[in-house]
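Read the numbers this way: they start at 1 and go in the same order the structure lists the ligands and their atoms. Just the heavy atoms: all of them, side chains too, but no hydrogens, waters or symmetry mates, feed the values below.
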Amino acid sequence: MKVLVVGSGGREHAICWKLAQSPKVTALYCAPGNAGIAQVAKCVNVKATDVDGMVRWAKDNAMDFVVVAPDDPLALGLVDALEAAGIPTFGPRANAAIIEASKAFSKELMKKYHIPTAKYETFTELDKALSYIEAQGAPIVVKADGLALGKGVVVAATVDEAKTAAREMMEDKKFGESGSTVVIEECMTGPEVTVLAFADGEHVRPMPASQDHKRAYDGNQGPNTGGMGAISPPPQYTPDIAQRCMDEIFQPTIRALKAEGRPFHGVIYFGLMLTPDGPRVVEYNARFGDPECQAVLSLLEGDLMDIFTACREGTLDQADLRWKDSAACCLVLASGGYPLDYKKGYPISGLEEAGKFAVVFHAGTAEKDGQIVTNGGRVLGVTALGGTLDQAIANAYAAAKPISFTDMHFRTDIGRAF
Ligand code: AMP
Ligand code: GLY
């Protein structure tokens, strides 16, 4: 099969790396890809959000299957457009991807189907939002409705902070139209875990749980990022909790989406908080998380191409999903200054040496004059396995040692910050 993967980060490198191991995949392409992805797939110069351009390229080049990995093209309906053009595609259609694209939609869905989540109200008028904040008191959480690059959430410790956040979103339009509707919700407490699950419209099969590290600096300090590292599985996610999540959250969500006429085919991301009252949904995403994907796919034994096909065709219950009995750790090496200002174009050394001990997924790299250089905020995801979580963490840090580039930044407490 000729397969195209849409996207360009560490997640897409992990997907391409795993698909390249499938005997069914005879030619692999990635649009737009990066310098690491280029080692396992042919990179194609089409932007992930260029829906017409992507459909045209996939048709002209006779793709047998397309995998849409990032949130923006999913929300724009790239899966719908490719399927309409007769190209089998992995990923939710826009009417199901809305669980990520609209927080107001996903909160309403959870309320209607009794899926445990923080209590909330949705507002389109600033006055009403401010009175509600006043009445509820702090701590309280203010969220922009739409996609805001992970920055549209303020966990406010005081009423004033919450009011400022609501004003910035609704009046100053800090996140553009994403903030015309805000969701204001109860502040939950407890460890956060991610569960990625395959879904085929009807069946849902969770992958091993994982845990992201969203803050830029050690000790969960500093600004939010796309994720500075991930481990799998996190020790807090016990078999009892996993069973509760399956019964109270995963299956009810997939059933709810089906009942609403929005069957979810693809990977659904459950962002969970393990509160003293049980597991609750913090957020849904309509795709693999990144860097979680890098850790979790490293544990997959089965053929990812078969699993993607089963998700599309509704046969996931029969798919061969096996996982290594190991733990995984993905350590992100980022550009100095990320997630704020940072420079690109620095040469990276030590990649070959590191690759002997771990899989080094590329998140933001490019090739310049035969040399691999930095080309994004998150640059690499050094991903190692181990018999225990401690071993996996130690292996990832040891493997990363030889890698260096100017102003390289990473957290030293991945897997130990909770
Ligand atoms: P989200 O974009 O919805 O995942 O939110 C980003 C982060 O804000 C989450 O990973 C949580 O750490 C935090 N957060 C979101 N909603 C809540 C909530 N209701 N209570 C406590 N923390 C929250
Ligand atoms: N790592 C969090 C996300 O992909 O949304």
Those atoms of ligand 2 less than 4.0 Å from some heavy atom in [X]:
X      : answer
Asp212 : 1 (N), 2 (C)
Gly289 : 4 (O)
Glu292 : 1 (N), 2 (C)

Kindly compute the distance separating [atom1] ([X]) from [atom2] ([Y]), expressed to the nearest 0.5 Å.
X      : Y      : atom1 : atom2 : value
Cys293 : Leu196 : SG    : CG    : 7.5 Å
Thr406 : Lys343 : OG1   : NZ    : 10.0 Å
Lys103 : Met110 : NZ    : CE    : 9.0 Å
Asp218 : His213 : CG    : NE2   : 10.0 Å
Arg287 : Leu74  : CZ    : CG    : 8.5 Å
Lys107 : Thr117 : NZ    : OG1   : 3.0 Å

Check each atom of ligand 1 against the heavy atoms of [X] and keep those under 4.0 Å away; list them by number with element.
X      : result
Lys143 : 3 (O), 15 (C), 16 (N)
Ala118 : 19 (N)
Cys187 : 20 (N), 21 (C)
Glu185 : 16 (N), 17 (C), 18 (C), 19 (N)

query: Among all protein non-hydrogen atoms, which one is nearest to atom 5 (O) of ligand 2, and what is the separation to 0.1 Å?
result: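 That would be Arg287 NH2, 2.9 Å.
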Are [X] and [Y] ion-paired here, with the side-chain N under 4.0 Å from a carboxylate O?
X      : Y      : result
Glu260 : Lys112 : yes
Lys214 : Glu283 : yes
Glu134 : Lys163 : yes

- request: Would you indicate which of Glu192, Met188, Met273 comes nearest to atom 10 (O) of ligand 1 when only heavy atoms are counted?
  value: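 Heavy atom nearest to atom 10 (O) of ligand 1 belongs to Glu192.
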field: Aromatic plane relationship, Phe308 with Phe65 - under 30° parallel, 30 to 60° tilted, over 60° perpendicular
entry: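 Phe65 vs Phe308 ring planes: parallel.
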field: Contact (N/O only, under 3.5 Å) between Gly226 and ligand 2
entry: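 Yes; the residue has a nitrogen or oxygen that sits under 3.5 Å from a nitrogen or oxygen of the ligand.
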- request: Check whether any N or O atom of Lys214, backbone or side chain, sits under 3.5 Å from an N or O atom of ligand 2, and answer yes or no.
  value: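 Min N/O separation from ligand 2 is not below 3.5 Å for Lys214.
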Of the backbone atoms (N, CA, C, O) and the side-chain heavy atoms from C-beta on, which set of [X] has a member under 4.0 Å from an atom of ligand 2: side chain, backbone, both, or neither?
X      : value
Asn285 : side chain
Tyr269 : side chain
Arg11  : neither
Glu283 : neither

Six-ring centre of Tyr120, Lys111 cation under 6.0 angstrom, axis tolerance 45°: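 Yes - Lys111 lies over the ring of Tyr120, closer than 6.0 Å to its centre and within 45° of its axis.
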query: Where's the contact between Glu186 and ligand 1, heavy-atom distance under 4.0 Å: side chain, backbone, both or neither?
result: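 Within the 4.0 Å criterion, Glu186 contacts ligand 1 through backbone atoms alone.
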message: Side chain or backbone, does Val141 bring an N or O within less than 3.5 Å of an N or O on ligand 1?
response: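 By distance alone, the answer is no.
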